[in-house]
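To start, the structure under review is shown below, and the notes come after it.
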Amino acid sequence: MHKKITIVGAGNVGATTAQLIAEKNLADVVLVDIVEGIPQGKALDIQEACPLWNSSVRVTGTNNYEDTAHSDIVVITAGRARKPGMSRDELLQSNARVVKDVAKNIAVTSPESIVIVVTNPMDAMAHLTLKVTNFPHRRIVGMGGVLDSARMRAFIAMETGVSPDKVETMVLGSHGDLMVPLPRLTRAGGKNITDILPESKIEEIIHRTKNGGAEIVGLLKTGSAYFAPAASIVEMIENILEIKKEILSCSVYLDGEYGLKGVYIGVPVRLCSAGVGEIIELELKENEKQALSASAEAVKGLIRKLVT
Ligand code: NAD
């Protein structure tokens, strides 16, 4: 029996995530969207590729939450993406309406699910999902840090010539302009990047990482990134399914960890079949702590705007 994963939003991120799950034979997939025909058409197209991938999963599309019932994992990608010049935070009110509606539905149809929140501004949307579903907070986790870390790894690989899979890094904080990359903990081919790259180059890479999403939006002009976001979601799914056992930066609800309380923010965690298995508390330097607190304050500011 395959596990069942529902993906809400059959747009660029949702459909690409469905494709990767099917290609890797990870789980049955239900794509849901409000637009009639789009989830059905994309699901059928992916299903028709499964014989070529030697994949035995079922992929279906629907406009009805009843078809998503008893999902093990729900991924929320529904909502608007940024346009050039827009910040993620500008999507707050319109995407909050979408996420509220989605969260209400999944709370009824998949009350035992683990939820991965992707819709931007993601940390605030994860908080909103927690409030609306009333699920235990360990079952709601946001995707941001895996993507930001992957972007930074790609940029370091491009700069050093080291293979991207031999680059390790950790980007903490909110998935936005105040994210907190940690060059101190970044290694390429086993060497710390502070030993192999000049400070000015590291600063450039950090700047490019923080603007990684905007760089793609600026190039595409009509949408935002989806290949690396979908791959990041699938990395989290493989850890929830316990196929992989990694430490990933994910947005989780902090209840005193890192001196922060009542806020979703990106920190290193281990995911497991129960959701967030463990929050790993790194020893942070004073400036890193301050940057993480500033990031958390910004997310809290968005939450306050949502309430009022
Ligand atoms: P997209 O426009 O391609 O797709 C969004 C889909 O959501 C559309 O098909 C739309 O019909 C659907 N939708 C809208 N309202 C809905 C509702 N109430 N119920 C179900 N479906 C609904 O956008 P995209 O590129 O796939 O991005 C989706 C979201 O993910 C955006 O908010 C984007 O900013 C965010 N995103 C986040 C990250 C991250 O790292 N957290 C990365 C990339 C994109």
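The structure presented is a predicted model; accordingly, all values stated were derived computationally and were not measured. Remember, it's 1-based here, ligands and their atoms both numbered in the order they're listed. Start at 1 with the first residue, then count along the sequence.
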Within the 4.5 Å heavy-atom criterion, are [X] and [Y] side-chain neighbours or not?
X: Ile193; Y: Arg187; answer: no
X: Tyr253; Y: Leu130; answer: yes
X: Val75; Y: Val118; answer: yes
X: Leu182; Y: Leu284; answer: yes
X: Leu292; Y: Glu288; answer: no

Give me the ring orientation class for Tyr264 and His127: parallel if the planes are under 30° apart, tilted from 30 to 60°, perpendicular past 60°.
perpendicular
Just to be sure I read this right, does ligand 1 sit under 4.0 Å from the backbone of [X], its side chain, both, or neither, counting only heavy atoms?
X: Asn12; answer: both
X: Leu147; answer: side chain
X: Asn95; answer: side chain

For [atom], closest protein heavy-atom neighbour:
atom: atom 4 (O) of ligand 1; answer: Gly11 CA, 3.2 Å
atom: atom 6 (C) of ligand 1; answer: Asp33 OD2, 3.8 Å
atom: atom 28 (C) of ligand 1; answer: Thr77 O, 3.0 Å
atom: atom 36 (N) of ligand 1; answer: Asn120 ND2, 3.4 Å
atom: atom 22 (C) of ligand 1; answer: Ala78 CB, 3.5 Å
atom: atom 40 (O) of ligand 1; answer: His175 NE2, 2.9 Å
atom: atom 32 (O) of ligand 1; answer: Arg80 O, 2.7 Å
atom: atom 26 (O) of ligand 1; answer: Val13 N, 2.8 Å

Grab the two heavy atoms, one from Leu241 and one from Leu26, that are nearest each other, plus how far apart they are.
CD1-O, 4.0 Å
If hydrogens are left out, which of [options] has an atom nearest to [atom], that is, the closest non-hydrogen atom?
atom: atom 5 (C) of ligand 1; options: Gly79, Ser232, Gly213; answer: Gly79
atom: atom 37 (C) of ligand 1; options: Val217, Val118, Val8, Thr16; answer: Val118
atom: atom 19 (N) of ligand 1; options: Ile116, Ile233, Ile34; answer: Ile34

Any atoms of ligand 1 less than 4.0 Å from a non-hydrogen atom of [X]? List them with their elements.
X: Ala225; value: 43 (C)
X: Pro229; value: 42 (C), 43 (C)
X: Val98; value: 15 (N), 16 (C), 17 (C), 18 (N)
X: Asp101; value: 18 (N)
X: Val35; value: 11 (O)

Are a donor atom and an acceptor atom from the side chains of [X] and [Y] found within less than 3.5 Å of each other?
X: Ser251; Y: Asp123; result: yes
X: Thr169; Y: Arg153; result: no
X: Asp148; Y: His175; result: yes

Nearest-0.5 Å distance that lies between atom CG in Asn192 and atom CG in Leu197:
10.0 Å
In a check of side chain to side chain donor-acceptor pair (under 3.5 Å) between Gln40 and each of Asn63, Asp45, Thr60, which one passes?
Asn63
Do any nitrogen or oxygen atoms of Tyr65 lie less than 3.5 angstrom from nitrogen or oxygen atoms of ligand 1?
no
Please indicate whether any nitrogen or oxygen in Met122 is less than 3.5 Å from any nitrogen or oxygen in ligand 1.
no
Per side-chain contact (heavy atoms from CB on, under 4.5 Å), Met125 is matched among Val102, Leu302, Leu92, Val98 by Leu92
